[in-house]
K.L.:
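If you scroll down you'll find the structure; I have some questions about it.
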Amino acid sequence: MAEILFPALFVLLALGLPVAFAMMIAVFLALSFGSSYPHLVVVKEMFSGLDSFPLLAVPFFILAAEIMTGGAVTMALLRLAQSFVGHLRGGLGHANVVSSAMFAGISGSALADAAGPGSMMIRMMEKGGYDRSYAGALTIASAVVGPIIPPSITMIIYAMQDQNVSVGSLFMAGVLPGVLITCMVLVANAYVSRKRGYMSGDVMPTFLEIGRIFVYALPALSLIVLIVGGIRFGAFTPTEASVIAVFYALIVGMFVYRSLRIRDLPNILLKAATTSGAVLLILGAARAFAWVLIIEGIPQQLAETIISWELSPVVFLLAVNLLLLAFGLFMDPLPGVMILVPILAPISFALGIDPNHFAIIVIVNLTMGLTTPPVGSLIFVVSSTVHLKPSALIRELPPFFLALVAALLLITFVPNLATWLPEVSGF
């Protein structure tokens, strides 16, 4: 079956089919021409993959993000980010990066970061004299922190594939790497801004003004503390946290910022349902795809082969980085996690690599794939937002991709970035 499965998948992806449909059709073809299994097994495995209580957190976090992305909440975060860094050279670019990091603590999704505050910042940067394609490329790079800073949909899916980690431990493990990635993108923006002469049009605000803006944005920022703190102190599980996040978002939107009205809810629910349906379809298809790999014994064969090479942990991690960066060229993070983690996580554990450290390396790698053609979803989301050809954005991406690679190497060679917070938090 594997001899049919992989060529079929790559051909279908090359033809432009969505990832979920490409995986499902590839599995059907593998069963049709490479086995005697009934086709009904594909449907059965897809539903089995979705029959999970922790997976309920995905649609609820998506719904909470949709509720919180109203104009008042987004503008509160943008104003706070601008008050911190808007007066520096390249200040609007810095504000773009910082606001993405703040919004990551609400959305848990790179695409939501780019489509939400990212699109608003692109318009603000263009009015401030920045090239539109540069503003779009910066938004693509800064959105990478979406699944790294908790909460994270990708981390929830990862924890379902690896029994050596928990959602809570991954949420804690992602904080420092997320801050590091943000800092590296800020450095890249500072370098390009100095080179191109992008100046700041803002005057440094007083501490009193920053304090007022911070107080206004505090209800939005408190959602991050509520989720991570509640999970850390055992007040609720990640799934329960997602439901609490929805109710908190409703209260903040209706009674604090007063930007959410009852008549807005049907449209918000529809958008959240559409996004959740797309995510869950991918997860179901990835489960069926992974089932074929398991039946064929591919994970076990690969594990035995790699272990027989007697690689050191450092060499193994470098090889994994190269493999995942290549894999990310053709596949989104969620199916990548479901297909690769059951293969690679046991090998890393056998080599003595901390499971939380390895998880963050995998998630950062696969999320970086969203910034690379030909499949890079962030490129196409931003392209449609700013009405630019993808090629114009791709030409501006190299400095930011180098910054992301530098952050990835630091995360790889400094394990404490991913392991310190989980350890001190008791995970």
Side-chain angles (χ1 to χ4, degrees), residues 18-20 46-47 49-77 100 102-120 143 146-147 149-157 160 167 171 219-220 222-224 226-227 230 236-286 332-335 370 377-378 380-382 384-385:
V19 173
M46 287 182 67
F47 277 93
L50 301 179
D51 184 17
S52 168
F53 179 74
L55 203 55
L56 281 173
V58 172
F60 279 111
F61 274 129
I62 290 172
L63 178 57
E66 288 291 344
I67 296 170
M68 290 289 279
T69 51
V73 175
T74 304
M75 283 308 300
L77 296 177
S100 285
M102 293 177 180
F103 197 76
I106 296 172
S107 69
S109 164
L111 299 181
D113 268 18
S119 61
M120 298 177 70
I149 295 177
S152 167
I153 294 169
T154 308
M155 289 178 181
I156 295 169
I157 305 306
M160 293 172 61
V167 175
F171 278 9
S222 296
L223 180 61
I224 311 168
L226 176 69
I227 294 170
F236 37 73
T237 66
T239 306
E240 292 164 347
S242 66
V243 180
I244 291 169
V246 170
F247 282 99
Y248 180 86
L250 285 170
I251 293 169
V252 169
M254 286 183 169
F255 303 111
V256 179
Y257 292 114
R258 297 182 181 178
S259 60
L260 180 64
R261 295 161 296 185
I262 296 294
R263 65 173 180 268
D264 297 330
L265 291 179
N267 189 48
I268 288 173
L269 288 168
L270 178 62
K271 288 178 66 178
T274 303
T275 305
S276 300
V279 170
L280 295 175
L281 184 63
I282 290 174
L283 295 180
D332 287 339
L334 293 183
L370 295 173
S377 300
L378 279 172
F380 296 103
V381 167
V382 173
S384 63
T385 300

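All figures in this text were calculated on a predicted structure; none of them were measured in a lab. Just so you know, residue 1 is the first one in the sequence shown, and it goes up from there.
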K.L.:
Answer whether the closest heavy-atom distance between the side chains of M160 and V167 falls below 4.5 Å.
P.N.:
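M160 does not reach V167 side chain to side chain.
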K.L.:
Report yes if some heavy atom in the side chain of L55 is under 4.5 Å from a heavy atom in the side chain of I157; otherwise report no.
P.N.:
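Yes - at least one pair of side-chain heavy atoms lies under 4.5 Å apart.
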K.L.:
Any side-chain heavy-atom pair from E66 and T275 closer than 4.5 angstrom?
P.N.:
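Yes, their side chains come closer than 4.5 Å.
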K.L.:
Do L260 and I268 make a side-chain contact, defined as non-hydrogen atoms from C-beta onward lying under 4.5 Å apart?
P.N.:
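The answer is yes, as the side chains (C-beta and beyond) meet within the 4.5 Å cut-off.
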K.L.:
Quick check for you: to the nearest 0.5 Å, what is the distance between S276 atom OG and L283 atom CG?
P.N.:
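These two atoms lie 10.5 Å from each other.
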K.L.:
How long is the span from the OG atom in S377 to the CG atom in L370, to the nearest 0.5 Å?
P.N.:
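S377 atom OG to L370 atom CG measures 5.5 Å (nearest 0.5 Å).
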K.L.:
What distance separates I67 CD1 from M254 CE, expressed to the nearest 0.5 Å?
P.N.:
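Separation between the atoms: 8.0 Å.
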K.L.:
For the pair L56 and V243, evaluate side chain to side chain contact (heavy atoms under 4.5 Å, CB included) and give the outcome as yes or no after the intermediate values.
P.N.:
CA-CA 9 Å; L56 281 173; V243 180; over 6 Å; no
K.L.:
For P150 and F171, which heavy atoms make the closest approach, and how far apart are they?
P.N.:
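For P150 and F171, the tightest heavy-atom pair comes out as CG-O, 3.2 Å.
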K.L.:
With a 4.5 Å limit on heavy-atom distance, are the side chains of I227 and F61 in contact?
P.N.:
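When only atoms from C-beta onward are counted, F61 and I227 do touch, with a gap below 4.5 Å.
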K.L.:
State whether the side chain of N267 and the backbone N or O of D264 hold a donor-acceptor pair below 3.5 Å, judged by distance alone.
P.N.:
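Checking the backbone N and O of D264 against the side chain of N267, no donor-acceptor pair under 3.5 Å is found.
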K.L.:
Taking all atoms of both residues into account, what is the closest heavy-atom pair of A64 and A249, and its distance?
P.N.:
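Minimum heavy-atom contact is O-CB, 3.9 Å.
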K.L.:
Taking all atoms of both residues into account, what is the closest heavy-atom pair of P238 and A57, and its distance?
P.N.:
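Heavy atoms only, the tightest pair is O-CB, 4.1 Å.
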K.L.:
Does a sphere of radius 6.0 Å around OH in Y248 hold more than 12 heavy atoms from other residues, nucleotides or ligands, not counting ones at 6.0 Å or beyond?
P.N.:
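Yes - once you tally the heavy atoms of other residues, nucleotides and ligands closer than 6.0 Å, there are more than 12.
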K.L.:
Donor-acceptor pair, S242 side chain versus F60 backbone, under 3.5 Å?
P.N.:
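No; zero donor-acceptor contacts below 3.5 Å.
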K.L.:
Can you measure from CG (D332) to CG (L111) and round to the nearest 0.5 angstrom?
P.N.:
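If we round to the nearest 0.5 Å, D332:CG and L111:CG are 7.5 Å apart.
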K.L.:
Got K271 and I62 here, is their nearest side-chain heavy-atom distance under 4.5 Å?
P.N.:
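SC-SC contact between K271 and I62 ruled out.
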K.L.:
Please name the pair of heavy atoms, one in G146 and one in A104, separated by the smallest distance, quoted to 0.1 Å.
P.N.:
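The answer is CA-CB, 3.7 Å.
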K.L.:
I need the L226 CG to F236 CZ distance, nearest 0.5 Å.
P.N.:
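One finds 4.5 Å between CG of L226 and CZ of F236.
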K.L.:
What pair of heavy atoms forms the shortest contact from L378 to A110, and how long is it?
P.N.:
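Nearest heavy atoms, L378 then A110: CD2-O, 3.6 Å.
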K.L.:
Work out which heavy atom in G284 is nearest to a heavy atom in L50; give both atom names and the distance.
P.N.:
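Scanning both residues, the minimum pair turns out to be N-CD2, 3.9 Å.
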